[in-house]
Structures are given as structure tokens and as C-alpha cells.
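Working notes for the structure below.
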2 protein chains.
Amino acid sequence: MDQFRALRYFSKVAETGSFTKAAGVFGVPPSSLSRRVADLENSLGATLLKRSTREVKLTEVGQRYYTQVLDILNQLEQSNEAVRSYQAKPMGHLHISSMVGFGERILLPLLDEFSQLYPEIVLDVSLSDELSALSRDDVDLAIRGGYAPNERVLAIKLMGNQFIPVAAPSYLAEMGKPVHAIELKQHKGLYFRTPNGPTPWLSYINAQWQDVSAPQVAVSNNGNWLGDMAAKGKGILMVPRWATAHHLESGKLVELVLEPQVQINQNNDMAVYLLYQKQRYLVPKVKAAVDFLVARVKC
Amino acid sequence: MDQFRALRYFSKVAETGSFTKAAGVFGVPPSSLSRRVADLENSLGATLLKRSTREVKLTEVGQRYYTQVLDILNQLEQSNEAVRSYQAKPMGHLHISSMVGFGERILLPLLDEFSQLYPEIVLDVSLSDELSALSRDDVDLAIRGGYAPNERVLAIKLMGNQFIPVAAPSYLAEMGKPVHAIELKQHKGLYFRTPNGPTPWLSYINAQWQDVSAPQVAVSNNGNWLGDMAAKGKGILMVPRWATAHHLESGKLVELVLEPQVQINQNNDMAVYLLYQKQRYLVPKVKAAVDFLVARVKC
DNA sequence: ATCTTTATTGTCATAAAGACAATAATAAGT
DNA sequence: ACTTATTATTGTCTTTATGACAATAAAGAT
């Protein structure tokens with residue numbers, strides 16, 4: 001039995017819920033699929049699909065098997081793709097998904113140069129703070145603030161992602177410069193909205209984590225706007241150092257040194273990670289992009 | 001091309017470093033492996049193996065590919081094994097749908113023991129008197145009163161479902177004990193509401209079926225409540241023997257012996273059936289439950 | 001109850017893989 | 001340097017597996 005074919009047939013039938021539709025995809029008569037799937041079920045000694053004339057549904061085992069088979073077929077396809085493109089030069093679509101802030105400040109400015117280096121690569125960049133599934137999908141490279149989701153994905157730490165409190169000199173002149181973390185509660189706060197809600201300000205005071213968030217003046221998922229608000233003296237903002245470097249240099253914002261430290265997360269080992277499937281490093285376009293980004297960004 | 005076969009051949013050749021040895025493992029001539037591996041290389045457009053007469057070595061891509069392929073083949077084998085294991089021992093979700101009365105009185109008390117017997121089965125029990133279509137719903141087992149519905153479903157008669165008239169001694173003391181069925185019309189009736197409406201009382205009098213229903217005092221689809229009403233002397237109730245056994249034993253209700261017999265249906269071969277779908281490959285969890293229930297419940 | 005859609009089965013045609021012998025290539029032994 | 005032995009590959013035929021197409025059966029929808 002051609003197991004590979006049987007698995008593709010089976011998973012397509014499961015996906016479409018119909019032998020006829022799936023047969024259409026492969027350009028063969030439904031009877032072929034029926035026979036191959038029956039062979040497969042026979043070899044496993046289990047019923048994978050509940051058939052009726054109107055719909056085809058997965059059984060319980062079928063559902064489990066389907067999930068795994070889909071994953072296996074995907075991996076195989078990726079491995080094949082990697083080998084096929086092995087000796088070709090970097091080309092084709094490269095889908096990069098990045099956090100918005102990092103994308104705007106760091107990634108996009110670099111990509112011009114990358115495009116010139118590899119003119120045959122068509123860039124497709126998505127900026128979003130939602131964490132997209134790297135695994136089964138169409139994303140070649142992802143840049144995220146968290147850790148690797150599974151062992152098939154490789155994570156390279158690009159840079160630290162420590163959030164620091166900043167404010168405009170004018171704001172500090174008016175409201176006073178806070179020294180102890182607890183004083184923040186009397187200030188005005190500008191907040192990032194992550195997919196999990198606005199990020200609180202935390203500080204480790206008297207052997208305990210305390211929320212020292214100031215009253216909200218503005219909340220947004222747009223870092224630029226929050227930065228501008230802060231520069232206008234509207235409040236204090238917790239922001240990654242790399243995202244506000246230009247404001248710090250120009251003097252529009254200054255870093256607040258607080259005692260004890262204020263963070264937005266109990267573990268302060270936040271970092272920006274470059275994620276990709278390790279089996280895809282063989283694909284020239286992926287390798288080119290990974291190498292390029294690591295060379296340019298990594299501290 | 002049977003890609004999995006090609007992959008198995010390829011990886012065995014890579015592992016043994018020889019077409020001849022690998023061929024021995026599969027019990028086919030080396031020429032077959034040579035052809036399949038060549039096909040594979042052809043389809044990938046890359047050379048995976050460096051051949052010489054003395055040894056076969058992996059190329060650089062070949063090495064990468066080999067590692068990934070090995071992983072994929074392992075996963076597939078595991079998935080297949082998982083299915084076989086599922087077919088070998090009772091496990092997974094078991095969805096049982098039962099009539100309310102039977103479920104409460106008989107089924108649920110038994111299921112604790114069943115759970116202990118088969119800890120890997122997760123029970124999902126729905127109690128309802130609607131007759132859910134066994135085929136289209138995701139019900140593994142159904143318990144219903146009535147007759148065996150159709151071909152594709154296997155039905156096992158668990159117990160009789162004959163309805164008998166019962167009343168409280170206090171009620172009989174007050175209202176008199178009916179002897180002939182026709183007298184019931186002068187009594188008070190408690191009625192089940194089935195999905196088809198309240199069940200009438202029927203009796204075969206003078207070679208004719210007659211409705212001998214008493215005026216309705218209460219109608220409900222809740223057997224417990226009707227039983228309690230009857231025990232309080234509110235009226236006469238037609239109820240399955242198994243559902244009122246406890247009241248009969250405690251003497252709170254007594255069975256009425258009427259001439260001629262009173263039934264709720266013209267055919268008196270009502271029974272409680274255990275229904276499950278006939279499958280090509282027997283699912284252990286279903287078999288376990290069927291066997292268990294038959295052993296415990298069947299008279 | 002009838003119709004329509006859909007999966008399955010039967011039968012034949014076609015394509016793919018295996019078997020076996022022959023050949024070519026290369027490293028080892030002399 | 002020459003021979004030998006081992007091993008992969010190629011040619012040809014046979015066997016097996018898959019596809020094609022028509023016919024049948026079953027289940028939901030009208």
C-alpha cells in the first residue's frame with residue numbers, strides 16, 4: 001500500500017468532509033479515495049471516518065490520527081521544500097511576522113538593505129502583537145517577545161526587552177521626579193495594551209510584588225503614539241529601551257531611576273526573540289534572513 | 001511514487017551504509033532500493049547519497065534530510081501505534097445517552113463501578129427522553145424504550161419496560177380499589193409526558209381497544225415527582241416496574257391488578273434497549289460498556 | 001413516498017514496483 | 001600495475017497496486 005498517498009487522501013477527506021470533494025482536489029474518482037482510505041483503516045484495524053451519504057465525520061481515533069497525520073505531512077513537505085531549494089539562491093516569498101514596535105523601529109528600516117542584497121526575495125511583513133502560530137503556517141520568520149513555543153522551533157535572542165520608565169522633562173518639572181517606586185501611584189500613566197490587557201507596573205517592595213501602576217491617562221497598542229504622548233508631558237510610560245532610544249537621545253524623554261526597580265513582569269529576563277523552524281534553516285531565503293538579522297540586530 | 005516507501009528505503013540505506021544490506025532488511029533486491037532512492041532524489045532535485053562500490057555516504061543535504069526523515073517516520077509509527085492501542089484497550093471519551101428515568105435509577109449508580117474498572121475511559125452521559133439519532137449525533141451508546149429502530153443499529157434488550165398501574169394505599173382507601181379497567185375513568189390520573197404527549201391508558205375490552213384514562217391530576221416528564229405524587233395519594237400512575245421498585249418494596253405504593261390489563265400501548269412488548277452502531281472495527285470502549293451493562297442489567 | 005446526492009463495489013485498464021540476470025565501477029589484494 | 005571481489009546500476013519481464021468508469025446502495029432532503 002502506498003501509505004503516503006493513503007494519508008493524503010485520508011486527511012483531505014477529513015478536511016473537506018467529503019470523498020467527492022477531496023477526489024476533486026486530487027483529480028481522481030471518489031472510488032479511489034474510498035479504496036485507499038479503506039486500505040488505511042484496514043491496516044490500522046480501526047474506523048477513522050464515520051460515513052453517511054450526506055457527510056463524512058471523523059471518529060474519535062480518526063480525529064486524533066488526523067491531527068498527527070496533518071502535522072507529519074506538513075513536516076515532510078517542509079523537509080522536501082528545504083532540500084529542493086537547497087542549492088538555489090535565496091528567492092521567493094519570505095513571510096516575516098513581527099511585534100509592531102520592533103517592526104516599526106528596527107525591522108523595517110533594515111529590510112531595505114536586505115531587499116537590495118537579495119532582490120529575488122519578495123518580502124511579506126506582518127506586524128502584529130498577536131502571537132501567530134509559526135508551526136503549521138505560512139510564516140517563515142517571527143519576532144516575538146516570548147519564548148519558543150516548542151522544540152521544533154529555534155529561538156535566537158536578538159536583544160533585551162527590558163521595559164524602563166520614561167517621562168518628559170516638562171512632566172517631571174510639573175509633577176516632580178519620583179524616586180521611590182511607590183510614588184508612581186500619585187503620577188499619570190501611559191499604558192501599552194497587549195493581547196492580555198494593559199501591562200501593569202510592578203515593583204518588588206518589602207519582599208513582595210506590588211502593583212504600583214499610576215492612574216491611566218491613556219492606553220493604546222500603538223507605541224509611537226504613547227511615546228509622543230509621553231514626550232508631550234502627558235505622563236510616565238514603561239517602554240522597551242530600544243523603542244525609545246531616539247527620544248532619549250534627543251532629550252525629549254529621560255529615563256527614571258527608581259528604587260526599587262519597576263518592571264512590567266515578575267521575571268525581568270524579557271527579550272526579543274527571532275523564531276524559525278529549525279528544519280527550515282536549510283531554505284536559502286530563510287537562512288539569508290536569519291543570518292542577516294542576527295548580524296545586524298544581535299547585540 | 002510511494003514516498004514513504006522511498007523514505008524508508010533511503011533511511012535504511014543511510015543507516016546501514018549499503019544498498020545490499022538495506023535490501024536484505026526489506027527482503028527485496030538491491031535494485032529496488034536503488035530505483036526508489038533514485039526516484040526520491042529525482043523528485044527532490046538533489047543528491048542525497050554519495051555512492052561508491054565500497055561505501056554509501058550521506059551528502060550534506062542528505063544528512064539533514066535523513067535526520068528529519070527519521071523523525072517523521074518515527075512520529076508516523078507512533079501515531080499508527082496509538083491507533084492500534086486505541087483499538088486494543090478501552091479508552092477515550094464514551095458518550096452515553098439514556099432515558100432520564102432509567103439513567104437516574106439504574107445507569108448512573110452503575111457507572112461509578114464502570115469508571116473504576118476502566119479508568120482510561122472518560123464518561124459523558126446525557127439524560128434525555130428525546131430520541132436522539134444515534135447515527136448523526138456523536139453518541140456511542142444509547143438507552144431507549146421502545147423497539148429496535150433500524151438495521152444499522154444493534155439493539156440489545158436490557159429489561160422489560162412494561163408499565164403497571166400503581167397507587168398509594170391511602171388513595172385506595174379513600175377512592176376505592178378499582179377492579180375492572182373501565183372503573184379507572186372514575187379515578188384520578190398522573191401522567192408521563194413523552195415527546196409525543198401524555199401517555200393514555202388503554203385496555204382491551206370487548207375485543208376493542210378503549211381509552212380508560214382517568215381525568216388528569218398532574219402531567220410531567222419527571223418520573224420522580226410523579227412517583228412522589230402517587231405516594232402521597234394524589235392519584236393512579238402508570239409506571240415501569242423497575243422505576244417504582246423502591247416504592248413497591250417500602251409499601252408506599254401498591255400494584256393494581258386490573259381486569260382486563262391496562263397498558264400504555266397496544267403492543268405490550270415494550271422494553272428498554274441498549275443501542276449502539278455496528279462498526280466494521282469494534283471499538284473497545286464501546287464493547288467494554290456494552291458487556292458491562294449487559295452483565296449488570298440484563299435480566 | 002420520491003428524488004438527489006454520495007459512498008461503495010465490480011470489472012477492466014494502466015501504472016508502479018519487484019525479481020532476476022547482466023553490466024559497470026571501484027576499492028582491495030597480489 | 002593488474003586482477004579480483006564487491007557493490008550499485010541498468011535492462012527486461014512479471015507481479016502488484018492504483019486508476020477509471022459504470023452500476024449499486026444508502027441516507028438525507030423535498
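A, B, ... follow the sequence lines: proteins, then strands. Residue 1 opens every chain. Computed from a prediction, not measured in an experiment: that's the story for all the values here.
For the atom pair Lys285(B) NZ and Ile121(B) CD1, the distance stands at 8.0 Å (nearest 0.5 Å). Separating the CG atom in Leu33(A) from the CZ atom in Phe26(A) is a distance of 7.0 Å, to the nearest 0.5 Å.
For the pair Lys57(B) NZ and dA27(C) P, the interatomic distance rounds to 11 Å; values are reported in whole Å. As a whole-Å value, the separation of Gln277(B) CD from dA27(D) P is 11 Å. Across the protein-nucleic acid pair, Asp39(A) atom CG and dT18(D) atom P stand 6 Å apart, rounded to whole Å. Nucleotide dG19(D) holds its P atom 13 Å from the CE atom of Met1(A), rounded to whole Å. Taking atom CZ on Arg8(B) and atom P on dA17(C), their separation rounds to 13 Å, with Å as the unit. Rounded to whole angstrom, the span from the CZ atom of Phe4(A) across to the C1' atom of dT18(D) amounts to 16 Å. Between Phe26(A) atom CZ and dG19(D) atom P there is a gap of 10 Å when expressed in whole angstrom units. Per the geometry, CG belonging to Leu7(A) stands 16 Å off C1' belonging to dT18(D), to the nearest Å.
Look at Tyr9(B) and you won't find any side-chain N or O under 4.0 angstrom from OP1 or OP2 of dA8(D). Under 4.0 angstrom from either OP1 or OP2 of dG19(D) there lies at least one side-chain N or O belonging to Arg5(A).
Ring to ring, Trp242(B) and Phe102(B) are close: their centroids are under 6.0 angstrom apart.
For the residue pair Arg144(B) / Ser97(B), a side-chain donor-acceptor distance below 3.5 Å is found, with atom types taken as modelled. Looking at Arg105(B) and Asn224(B), their side chains do bring a donor and an acceptor atom within 3.5 Å of each other.
Residues Tyr276(B) and Val139(B) have side chains not in contact (no heavy-atom distance under 4.5 Å, counting atoms from C-beta outward).
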Contact pattern, 5' to 3', of nucleotides 6-11 of chain C - B, S or - by protein heavy atom under 4.0 Å: BSBBBB
